[in-house]
Visitor: 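Below is the structure I would like to discuss, written out as C-alpha coordinates.
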Protein chains: 2
Amino acid sequence: MQFSKSTDYALHALVHLGNSERCNNVGIKELAGALGVSESYLSKIMSKLRQDGIVRAVTGVNGGYELARSADQITFLDVIQVIEGRQQLYECSNTSSRQHQFLAEEAAVQPDQKRLNENVCLIEKVMYGAEQQLYQYLRGHTIQSVLDEAFKRWTHKEDKK
Amino acid sequence: MQFSKSTDYALHALVHLGNSERCNNVGIKELAGALGVSESYLSKIMSKLRQDGIVRAVTGVNGGYELARSADQITFLDVIQVIEGRQQLYECSNTSSRQHQFLAEEAAVQPDQKRLNENVCLIEKVMYGAEQQLYQYLRGHTIQSVLDEAFKRWTHKEDKK
DNA sequence: TCTATCATGGACATCAAAGGTCTATAATGA
DNA sequence: TCATTATAGACCTTTGATGTCCATGATAGA
Ligand code: SF4
Ligand code: SF4
(Lines give C-alpha, C1' and ligand atoms only; values in the text may rest on other atoms or scores of the structure.)
(Ligands and ions follow the chains in the order given, each with its own letter.)
Protein backbone atom coordinates (compact mmCIF):
# COMPACT_ATOMS: atom_id res chain seq x y z
CA MET A 1 0.00 0.00 0.00
CA GLN A 2 2.30 2.66 -1.31
CA PHE A 3 2.48 4.98 -4.26
CA SER A 4 4.83 3.74 -6.96
CA LYS A 5 8.08 5.41 -7.93
CA SER A 6 6.49 6.20 -11.28
CA THR A 7 4.07 8.51 -9.52
CA ASP A 8 6.99 10.14 -7.77
CA TYR A 9 8.74 10.71 -11.08
CA ALA A 10 5.61 12.01 -12.78
CA LEU A 11 4.96 14.59 -10.09
CA HIS A 12 8.53 15.84 -10.13
CA ALA A 13 8.58 16.00 -13.93
CA LEU A 14 5.39 18.03 -14.02
CA VAL A 15 6.73 20.47 -11.47
CA HIS A 16 9.81 20.90 -13.61
CA LEU A 17 7.70 21.51 -16.70
CA GLY A 18 5.52 23.97 -14.87
CA ASN A 19 8.57 25.83 -13.75
CA SER A 20 10.22 26.25 -17.16
CA GLU A 21 7.11 27.02 -19.08
CA ARG A 22 8.27 30.50 -20.07
CA CYS A 23 9.54 29.13 -23.41
CA ASN A 24 8.49 25.54 -24.06
CA ASN A 25 9.50 22.05 -25.09
CA VAL A 26 11.68 20.56 -22.42
CA GLY A 27 13.56 17.54 -23.78
CA ILE A 28 13.67 14.19 -22.05
CA LYS A 29 17.38 14.64 -21.57
CA GLU A 30 17.03 17.80 -19.51
CA LEU A 31 14.09 16.34 -17.63
CA ALA A 32 15.83 13.10 -16.72
CA GLY A 33 18.92 15.05 -15.77
CA ALA A 34 17.04 17.31 -13.40
CA LEU A 35 15.28 14.42 -11.69
CA GLY A 36 18.27 12.10 -11.66
CA VAL A 37 16.55 9.15 -13.31
CA SER A 38 17.08 7.24 -16.54
CA GLU A 39 15.81 8.75 -19.78
CA SER A 40 14.49 5.38 -20.89
CA TYR A 41 12.17 4.87 -18.02
CA LEU A 42 11.07 8.45 -17.67
CA SER A 43 10.04 8.56 -21.32
CA LYS A 44 7.62 5.74 -20.66
CA ILE A 45 6.00 7.77 -17.94
CA MET A 46 5.87 10.93 -20.01
CA SER A 47 4.25 8.98 -22.78
CA LYS A 48 1.52 7.90 -20.41
CA LEU A 49 0.99 11.46 -19.28
CA ARG A 50 0.66 12.51 -22.90
CA GLN A 51 -1.90 9.84 -23.71
CA ASP A 52 -4.04 11.14 -20.89
CA GLY A 53 -3.74 14.74 -21.99
CA ILE A 54 -1.65 16.01 -19.10
CA VAL A 55 1.28 17.06 -21.29
CA ARG A 56 1.88 17.71 -24.96
CA ALA A 57 4.90 16.40 -26.88
CA VAL A 58 6.50 17.27 -30.20
CA THR A 59 8.99 14.98 -31.89
CA GLY A 60 11.95 16.04 -33.96
CA VAL A 61 14.63 18.66 -33.54
CA ASN A 62 13.98 21.05 -30.67
CA GLY A 63 11.09 18.88 -29.63
CA GLY A 64 10.13 17.97 -26.10
CA TYR A 65 7.32 18.27 -23.58
CA GLU A 66 5.17 21.03 -22.20
CA LEU A 67 2.09 21.09 -19.98
CA ALA A 68 -1.11 20.57 -21.92
CA ARG A 69 -3.03 22.88 -19.60
CA SER A 70 -2.14 25.44 -16.99
CA ALA A 71 -0.50 24.09 -13.84
CA ASP A 72 -3.46 25.00 -11.66
CA GLN A 73 -5.66 22.72 -13.75
CA ILE A 74 -3.53 19.68 -13.02
CA THR A 75 -4.42 18.13 -9.68
CA PHE A 76 -2.47 15.53 -7.75
CA LEU A 77 -5.41 13.19 -8.25
CA ASP A 78 -5.13 13.55 -12.03
CA VAL A 79 -1.50 12.52 -12.00
CA ILE A 80 -1.95 9.67 -9.56
CA GLN A 81 -4.86 8.19 -11.46
CA VAL A 82 -2.97 8.27 -14.73
CA ILE A 83 -0.01 6.42 -13.29
CA GLU A 84 -1.60 4.14 -10.72
CA GLY A 85 -4.70 3.36 -12.72
CA ARG A 86 -8.30 3.88 -11.80
CA GLN A 87 -9.20 0.69 -9.96
CA GLN A 88 -10.87 0.98 -6.60
CA LEU A 89 -8.67 1.24 -3.53
CA TYR A 90 -10.57 -1.76 -2.20
CA GLU A 91 -12.30 -4.46 -4.20
CA CYS A 92 -13.85 -7.26 -2.22
CA SER A 93 -13.31 -10.84 -3.27
CA ASN A 94 -15.31 -13.88 -2.17
CA THR A 95 -18.73 -12.38 -2.68
CA SER A 96 -20.05 -15.91 -2.50
CA SER A 97 -18.85 -16.66 1.02
CA ARG A 98 -21.13 -17.14 4.02
CA GLN A 99 -19.70 -13.91 5.41
CA HIS A 100 -21.02 -12.06 2.42
CA GLN A 101 -24.43 -13.66 2.73
CA PHE A 102 -24.64 -12.38 6.26
CA LEU A 103 -23.28 -8.90 5.68
CA ALA A 104 -24.50 -7.86 2.27
CA GLU A 105 -27.16 -10.10 0.79
CA GLU A 106 -30.59 -8.58 0.92
CA ALA A 107 -30.77 -7.05 -2.51
CA ALA A 108 -31.35 -10.40 -4.15
CA VAL A 109 -34.97 -10.33 -3.04
CA GLN A 110 -36.03 -7.23 -4.95
CA PRO A 111 -33.69 -6.87 -7.93
CA ASP A 112 -35.85 -4.27 -9.64
CA GLN A 113 -36.33 -1.82 -6.81
CA LYS A 114 -33.75 1.00 -6.81
CA ARG A 115 -30.17 0.27 -7.86
CA LEU A 116 -28.49 -2.08 -5.44
CA ASN A 117 -25.73 0.42 -4.70
CA GLU A 118 -27.37 1.17 -1.41
CA ASN A 119 -27.20 -2.43 -0.37
CA VAL A 120 -23.47 -2.97 -0.06
CA CYS A 121 -22.17 -4.06 3.30
CA LEU A 122 -20.47 -1.69 5.73
CA ILE A 123 -16.97 -3.00 5.15
CA GLU A 124 -17.20 -2.00 1.52
CA LYS A 125 -18.92 1.24 2.43
CA VAL A 126 -16.20 2.27 4.86
CA MET A 127 -13.42 1.49 2.40
CA TYR A 128 -15.19 3.35 -0.34
CA GLY A 129 -15.61 6.31 1.96
CA ALA A 130 -11.91 6.25 2.73
CA GLU A 131 -11.14 6.36 -0.97
CA GLN A 132 -13.42 9.31 -1.52
CA GLN A 133 -11.87 11.09 1.43
CA LEU A 134 -8.40 10.61 -0.05
CA TYR A 135 -9.46 11.65 -3.53
CA GLN A 136 -11.19 14.75 -2.26
CA TYR A 137 -7.97 15.90 -0.65
CA LEU A 138 -5.84 15.12 -3.69
CA ARG A 139 -8.27 16.98 -5.92
CA GLY A 140 -7.67 20.08 -3.85
CA HIS A 141 -3.96 20.31 -4.56
CA THR A 142 -2.40 21.15 -7.91
CA ILE A 143 1.02 21.41 -9.51
CA GLN A 144 0.62 25.16 -9.32
CA SER A 145 0.33 25.10 -5.56
CA VAL A 146 3.73 23.45 -5.36
CA LEU A 147 5.22 26.10 -7.63
CA ASP A 148 3.68 28.89 -5.59
CA GLU A 149 5.22 27.60 -2.40
CA ALA A 150 8.62 27.16 -4.02
CA PHE A 151 8.50 30.69 -5.40
CA LYS A 152 7.45 32.11 -2.06
CA ARG A 153 10.41 30.49 -0.35
CA TRP A 154 12.74 31.65 -3.06
CA THR A 155 11.84 35.31 -2.71
CA HIS A 156 11.91 35.02 1.04
CA LYS A 157 15.43 33.73 0.81
CA GLU A 158 16.39 36.61 -1.46
CA ASP A 159 14.98 39.12 1.02
CA LYS A 160 17.20 37.83 3.76
CA LYS A 161 20.33 38.41 1.74
CA MET B 1 -2.16 1.32 -5.26
CA GLN B 2 -4.66 -1.07 -3.76
CA PHE B 3 -5.25 -2.78 -0.46
CA SER B 4 -4.06 -6.39 -0.46
CA LYS B 5 -6.32 -9.40 -0.23
CA SER B 6 -4.78 -10.10 3.15
CA THR B 7 -6.38 -6.93 4.45
CA ASP B 8 -9.68 -8.06 3.01
CA TYR B 9 -9.37 -11.40 4.77
CA ALA B 10 -8.33 -9.83 8.05
CA LEU B 11 -11.30 -7.48 8.14
CA HIS B 12 -13.76 -10.23 7.35
CA ALA B 13 -12.22 -12.54 9.90
CA LEU B 14 -12.44 -9.92 12.62
CA VAL B 15 -16.07 -9.25 11.83
CA HIS B 16 -16.74 -12.95 12.14
CA LEU B 17 -14.96 -13.09 15.48
CA GLY B 18 -16.80 -10.04 16.71
CA ASN B 19 -20.06 -11.65 15.78
CA SER B 20 -19.55 -14.97 17.54
CA GLU B 21 -18.00 -13.61 20.67
CA ARG B 22 -20.80 -14.82 22.91
CA CYS B 23 -18.75 -17.94 23.73
CA ASN B 24 -15.17 -17.83 22.46
CA ASN B 25 -12.39 -19.57 20.58
CA VAL B 26 -13.32 -19.79 16.95
CA GLY B 27 -11.15 -22.36 15.18
CA ILE B 28 -9.30 -21.66 11.96
CA LYS B 29 -11.46 -24.27 10.26
CA GLU B 30 -14.70 -22.49 10.98
CA LEU B 31 -13.17 -19.14 10.15
CA ALA B 32 -11.73 -20.23 6.80
CA GLY B 33 -15.00 -21.95 6.00
CA ALA B 34 -17.04 -18.84 6.63
CA LEU B 35 -14.78 -16.66 4.53
CA GLY B 36 -14.22 -19.21 1.79
CA VAL B 37 -10.42 -19.07 1.87
CA SER B 38 -7.71 -21.61 2.60
CA GLU B 39 -6.90 -22.41 6.22
CA SER B 40 -3.20 -22.32 5.45
CA TYR B 41 -3.11 -18.77 4.30
CA LEU B 42 -5.63 -17.40 6.74
CA SER B 43 -3.67 -18.80 9.66
CA LYS B 44 -0.72 -16.68 8.58
CA ILE B 45 -2.85 -13.60 8.72
CA MET B 46 -4.36 -14.49 12.07
CA SER B 47 -0.89 -15.04 13.43
CA LYS B 48 0.05 -11.52 12.40
CA LEU B 49 -3.06 -10.13 14.05
CA ARG B 50 -2.13 -11.97 17.22
CA GLN B 51 1.43 -10.65 17.27
CA ASP B 52 0.04 -7.14 17.14
CA GLY B 53 -2.44 -7.74 19.92
CA ILE B 54 -5.62 -7.57 17.86
CA VAL B 55 -6.69 -11.13 18.65
CA ARG B 56 -5.82 -13.76 21.20
CA ALA B 57 -5.20 -17.40 20.36
CA VAL B 58 -5.09 -20.60 22.37
CA THR B 59 -3.57 -23.79 21.00
CA GLY B 60 -4.68 -27.33 21.68
CA VAL B 61 -8.07 -28.98 21.78
CA ASN B 62 -10.98 -26.54 21.69
CA GLY B 63 -8.53 -23.79 20.96
CA GLY B 64 -8.99 -20.98 18.48
CA TYR B 65 -9.16 -17.22 18.24
CA GLU B 66 -11.05 -14.43 19.94
CA LEU B 67 -10.80 -10.67 19.88
CA ALA B 68 -8.18 -9.32 22.25
CA ARG B 69 -10.25 -6.20 22.97
CA SER B 70 -13.83 -5.14 22.39
CA ALA B 71 -14.84 -4.64 18.78
CA ASP B 72 -15.29 -0.91 19.18
CA GLN B 73 -11.64 -0.62 20.16
CA ILE B 74 -10.45 -2.11 16.88
CA THR B 75 -10.35 0.48 14.14
CA PHE B 76 -9.96 -0.11 10.43
CA LEU B 77 -6.65 1.72 10.65
CA ASP B 78 -5.37 -0.74 13.24
CA VAL B 79 -6.09 -3.68 10.98
CA ILE B 80 -4.73 -2.09 7.84
CA GLN B 81 -1.51 -1.04 9.49
CA VAL B 82 -0.91 -4.50 10.86
CA ILE B 83 -1.34 -6.14 7.48
CA GLU B 84 0.00 -3.52 5.10
CA GLY B 85 2.81 -2.34 7.31
CA ARG B 86 3.51 1.11 8.64
CA GLN B 87 5.59 2.66 5.88
CA GLN B 88 4.55 6.05 4.57
CA LEU B 89 2.07 6.17 1.72
CA TYR B 90 4.65 8.22 -0.13
CA GLU B 91 8.41 8.15 0.32
CA CYS B 92 10.41 10.34 -1.98
CA SER B 93 13.49 9.00 -3.69
CA ASN B 94 16.26 10.99 -5.35
CA THR B 95 16.72 13.52 -2.59
CA SER B 96 20.00 14.37 -4.28
CA SER B 97 18.55 15.51 -7.58
CA ARG B 98 18.56 19.10 -8.82
CA GLN B 99 14.80 19.07 -8.45
CA HIS B 100 15.19 18.45 -4.76
CA GLN B 101 17.74 21.22 -4.40
CA PHE B 102 15.25 23.62 -5.88
CA LEU B 103 12.19 22.46 -3.99
CA ALA B 104 13.39 21.48 -0.58
CA GLU B 105 16.93 22.51 0.21
CA GLU B 106 17.12 25.45 2.51
CA ALA B 107 17.55 23.68 5.78
CA ALA B 108 21.18 22.92 5.06
CA VAL B 109 22.13 26.46 5.92
CA GLN B 110 20.98 26.48 9.52
CA PRO B 111 21.06 22.86 10.69
CA ASP B 112 20.67 23.77 14.35
CA GLN B 113 17.67 26.07 14.16
CA LYS B 114 14.36 24.25 14.71
CA ARG B 115 13.93 20.69 13.46
CA LEU B 116 14.01 20.50 9.69
CA ASN B 117 10.56 18.91 9.54
CA GLU B 118 9.13 22.23 8.56
CA ASN B 119 11.44 22.45 5.61
CA VAL B 120 10.13 19.63 3.45
CA CYS B 121 8.93 20.54 -0.01
CA LEU B 122 5.29 20.88 -0.92
CA ILE B 123 5.10 17.65 -2.89
CA GLU B 124 6.00 15.72 0.21
CA LYS B 125 3.77 17.89 2.33
CA VAL B 126 0.73 17.29 0.14
CA MET B 127 1.26 13.55 0.06
CA TYR B 128 1.75 13.44 3.79
CA GLY B 129 -1.44 15.40 4.24
CA ALA B 130 -3.28 12.93 2.05
CA GLU B 131 -2.06 10.10 4.22
CA GLN B 132 -3.20 11.83 7.39
CA GLN B 133 -6.57 12.52 5.81
CA LEU B 134 -6.99 8.85 4.97
CA TYR B 135 -5.83 7.66 8.37
CA GLN B 136 -8.12 10.05 10.17
CA TYR B 137 -11.09 8.57 8.38
CA LEU B 138 -10.02 4.98 8.99
CA ARG B 139 -9.50 5.71 12.67
CA GLY B 140 -13.13 6.74 12.90
CA HIS B 141 -14.54 3.37 11.89
CA THR B 142 -14.37 0.19 13.92
CA ILE B 143 -15.28 -3.46 13.62
CA GLN B 144 -18.16 -2.73 15.96
CA SER B 145 -19.68 -0.22 13.55
CA VAL B 146 -19.89 -2.95 10.91
CA LEU B 147 -21.59 -5.27 13.37
CA ASP B 148 -24.06 -2.59 14.39
CA GLU B 149 -25.10 -2.00 10.82
CA ALA B 150 -25.46 -5.70 10.11
CA PHE B 151 -27.59 -6.14 13.23
CA LYS B 152 -29.78 -3.18 12.33
CA ARG B 153 -30.46 -4.64 8.91
CA TRP B 154 -31.16 -8.01 10.36
CA THR B 155 -33.83 -6.80 12.76
CA HIS B 156 -35.31 -4.59 10.07
CA LYS B 157 -35.66 -7.64 7.86
CA GLU B 158 -37.33 -9.53 10.68
CA ASP B 159 -39.84 -6.73 11.15
CA LYS B 160 -40.95 -6.91 7.56
CA LYS B 161 -41.84 -10.60 7.85
C1' DT C 1 0.14 -40.77 30.34
C1' DC C 2 -1.50 -41.00 25.76
C1' DT C 3 -3.80 -38.98 21.95
C1' DA C 4 -6.42 -36.22 18.97
C1' DT C 5 -6.78 -31.44 18.23
C1' DC C 6 -5.20 -26.95 17.31
C1' DA C 7 -2.05 -22.81 16.38
C1' DT C 8 2.82 -21.55 14.95
C1' DG C 9 6.81 -20.76 12.20
C1' DG C 10 9.66 -21.63 8.47
C1' DA C 11 10.61 -23.41 4.03
C1' DC C 12 9.27 -23.57 -0.18
C1' DA C 13 6.57 -22.62 -4.93
C1' DT C 14 4.07 -19.54 -8.06
C1' DC C 15 2.86 -15.58 -10.30
C1' DA C 16 1.90 -10.72 -11.39
C1' DA C 17 3.53 -6.19 -11.21
C1' DA C 18 7.07 -2.74 -10.68
C1' DG C 19 11.17 -1.03 -12.33
C1' DG C 20 14.34 -0.73 -15.89
C1' DT C 21 17.00 -1.26 -20.55
C1' DC C 22 17.46 -1.45 -25.48
C1' DT C 23 16.24 -0.85 -30.28
C1' DA C 24 13.70 0.04 -34.47
C1' DT C 25 10.56 3.51 -36.18
C1' DA C 26 8.55 7.81 -37.24
C1' DA C 27 8.30 12.70 -37.03
C1' DT C 28 10.48 17.18 -37.60
C1' DG C 29 13.36 21.27 -38.16
C1' DA C 30 17.61 22.90 -40.18
C1' DT D 1 19.30 14.84 -46.55
C1' DC D 2 20.60 14.55 -41.75
C1' DA D 3 20.82 15.06 -36.92
C1' DT D 4 17.53 15.18 -33.35
C1' DT D 5 13.78 13.73 -30.61
C1' DA D 6 9.63 11.19 -28.98
C1' DT D 7 7.20 6.54 -29.40
C1' DA D 8 6.11 1.82 -29.03
C1' DG D 9 7.32 -2.65 -28.28
C1' DA D 10 10.29 -6.46 -26.84
C1' DC D 11 12.80 -7.93 -23.27
C1' DC D 12 14.98 -8.54 -18.62
C1' DT D 13 15.42 -8.46 -13.44
C1' DT D 14 13.73 -7.82 -8.91
C1' DT D 15 10.31 -7.59 -5.64
C1' DG D 16 6.21 -8.56 -3.34
C1' DA D 17 1.69 -10.83 -2.91
C1' DT D 18 -0.42 -15.08 -2.63
C1' DG D 19 -0.48 -19.66 -1.46
C1' DT D 20 0.92 -24.60 0.11
C1' DC D 21 3.15 -27.91 3.06
C1' DC D 22 5.21 -29.78 7.04
C1' DA D 23 7.57 -30.25 11.48
C1' DT D 24 6.90 -28.49 16.06
C1' DG D 25 4.74 -27.43 20.31
C1' DA D 26 0.89 -26.61 23.26
C1' DT D 27 -3.41 -28.28 25.34
C1' DA D 28 -7.66 -30.59 26.91
C1' DG D 29 -9.78 -34.75 27.61
C1' DA D 30 -9.78 -39.88 27.86
S1 SF4 E 1 -16.76 -6.55 1.80
FE2 SF4 E 1 -18.95 -6.78 2.18
S3 SF4 E 1 -19.81 -6.87 0.12
FE4 SF4 E 1 -17.63 -7.25 -0.12
S5 SF4 E 1 -17.43 -9.52 -0.03
FE6 SF4 E 1 -17.13 -8.74 2.04
S7 SF4 E 1 -19.17 -8.89 2.96
FE8 SF4 E 1 -19.48 -8.99 0.74
S1 SF4 F 1 9.29 15.14 -2.89
FE2 SF4 F 1 10.26 17.11 -2.33
S3 SF4 F 1 11.59 16.53 -0.63
FE4 SF4 F 1 11.09 14.62 -1.68
S5 SF4 F 1 12.74 14.32 -3.20
FE6 SF4 F 1 11.08 15.42 -4.23
S7 SF4 F 1 11.65 17.56 -4.03
FE8 SF4 F 1 12.87 16.48 -2.50
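Proteins get letters first, then strands, A, B, ... in listed order; numbering begins at 1 in each.
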Visitor: In whole angstrom, what separates A:Lys48's NZ from D:dA6's C1'?
Guide: 17 Å
Visitor: Determine, using the 4.5 Å side-chain heavy-atom cutoff (strictly less than), whether B:Met1 and A:Met127 are members of one ILVMFWY cluster.
Guide: yes
Visitor: When the nearest nucleotide of DNA chain D is assigned to A:Ile28 and to A:Met1 on a heavy-atom basis, which residue is associated with the more 5' position?
Guide: A:Ile28
Visitor: Return yes if a side-chain donor-acceptor contact under 3.5 Å exists between B:Ser93 and A:Tyr9, otherwise no.
Guide: no
Visitor: My understanding is that only one of B:Leu14, B:Asp8, B:Val15 makes a side-chain contact (heavy atoms from CB on, under 4.5 Å) with B:His12; could you say which?
Guide: B:Asp8
Visitor: Same cluster or not: are B:Leu134 and A:Leu77 linked, directly or through other Ile, Leu, Val, Met, Phe, Trp or Tyr residues, by side-chain heavy atoms under 4.5 angstrom apart?
Guide: yes
Visitor: So, is B:Tyr9 near the phosphate of D:dG19, with a side-chain N or O under 4.0 Å from OP1 or OP2?
Guide: yes
Visitor: So which nucleotide from D:dT18, D:dA6, D:dC21 ends up closest to the side chain of A:Tyr65?
Guide: D:dA6
Visitor: On DNA chain C, nearest-nucleotide positions of A:Val58 versus A:Phe3: which is more 5'?
Guide: A:Phe3
Visitor: Which residue, B:Leu49, B:Thr7, B:Ile45, forms the side-chain contact (heavy atoms from CB on, under 4.5 Å) with B:Val82?
Guide: B:Leu49
Visitor: B:Ile83 has an atom CD1; how far is it from atom C1' of D:dT18, in whole Å?
Guide: 13 Å
Visitor: May I have the distance from A:Leu17 (atom CG) to D:dA6 (atom P), rounded to whole angstrom?
Guide: 11 Å
Visitor: Please determine whether a side-chain nitrogen or oxygen atom of A:Gln51 lies at a distance below 4.0 Å from atom OP1 or OP2 of D:dT7.
Guide: no
Visitor: Check whether any side-chain N or O of A:Ser47 sits under 4.0 Å from OP1 or OP2 of D:dA6, and answer yes or no.
Guide: no
Visitor: Just the endpoints, please: which first and last nucleotides of DNA chain C, 5' to 3', lie under 4.0 Å from a heavy atom of chain B?
Guide: C:dA4 to C:dA11
Visitor: Taking atom P of D:dA17 as reference, at what distance in whole Å does atom CD of A:Gln2 sit?
Guide: 10 Å
Visitor: Do NZ/NE/NH1/NH2 and the carboxylate oxygens of B:Asp52 and B:Arg86 come within less than 4.0 Å?
Guide: yes
Visitor: If two hydrophobic side chains count as joined below 4.5 Å and joins carry through other members, does A:Met46 share a cluster with A:Val58?
Guide: no
Visitor: Below 3.5 Å, does any donor atom in the side chain of A:Lys44 face an acceptor in the base of D:dG9, or the other way round?
Guide: yes
Visitor: State whether A:Asp148 and A:Arg153 are salt-bridged, where the test is any N-O pair (Lys NZ or Arg NE/NH1/NH2 against Asp/Glu carboxylate O) under 4.0 Å.
Guide: no
Visitor: Is there side-chain contact between B:Tyr65 and B:Leu17, with heavy atoms separated by less than 4.5 Å?
Guide: yes
Visitor: Rounded to the nearest Å, what distance is computed from the CD atom of residue B:Glu84 to the C1' atom of nucleotide D:dT18?
Guide: 13 Å
Visitor: Roughly, in whole Å, what's the span from CG in A:Leu31 to P in D:dT7?
Guide: 12 Å
Visitor: Work out which heavy atom in B:Arg98 is nearest to a heavy atom in A:Gly33; give both atom names and the distance.
Guide: NH1-O, 3.8 Å
Visitor: Identify the pairs formed between an N or O of the protein and an N or O of nucleotides 23-26 of chain D at a distance under 3.5 Å, and give each distance.
Guide:
none

Visitor: Provide, to the nearest angstrom, the distance between the CG atom belonging to B:Asp8 and the C1' atom belonging to D:dT18.
Guide: 13 Å
Visitor: Nearest whole Å is fine: how far is D:dT18 P from B:Tyr41 OH?
Guide: 5 Å
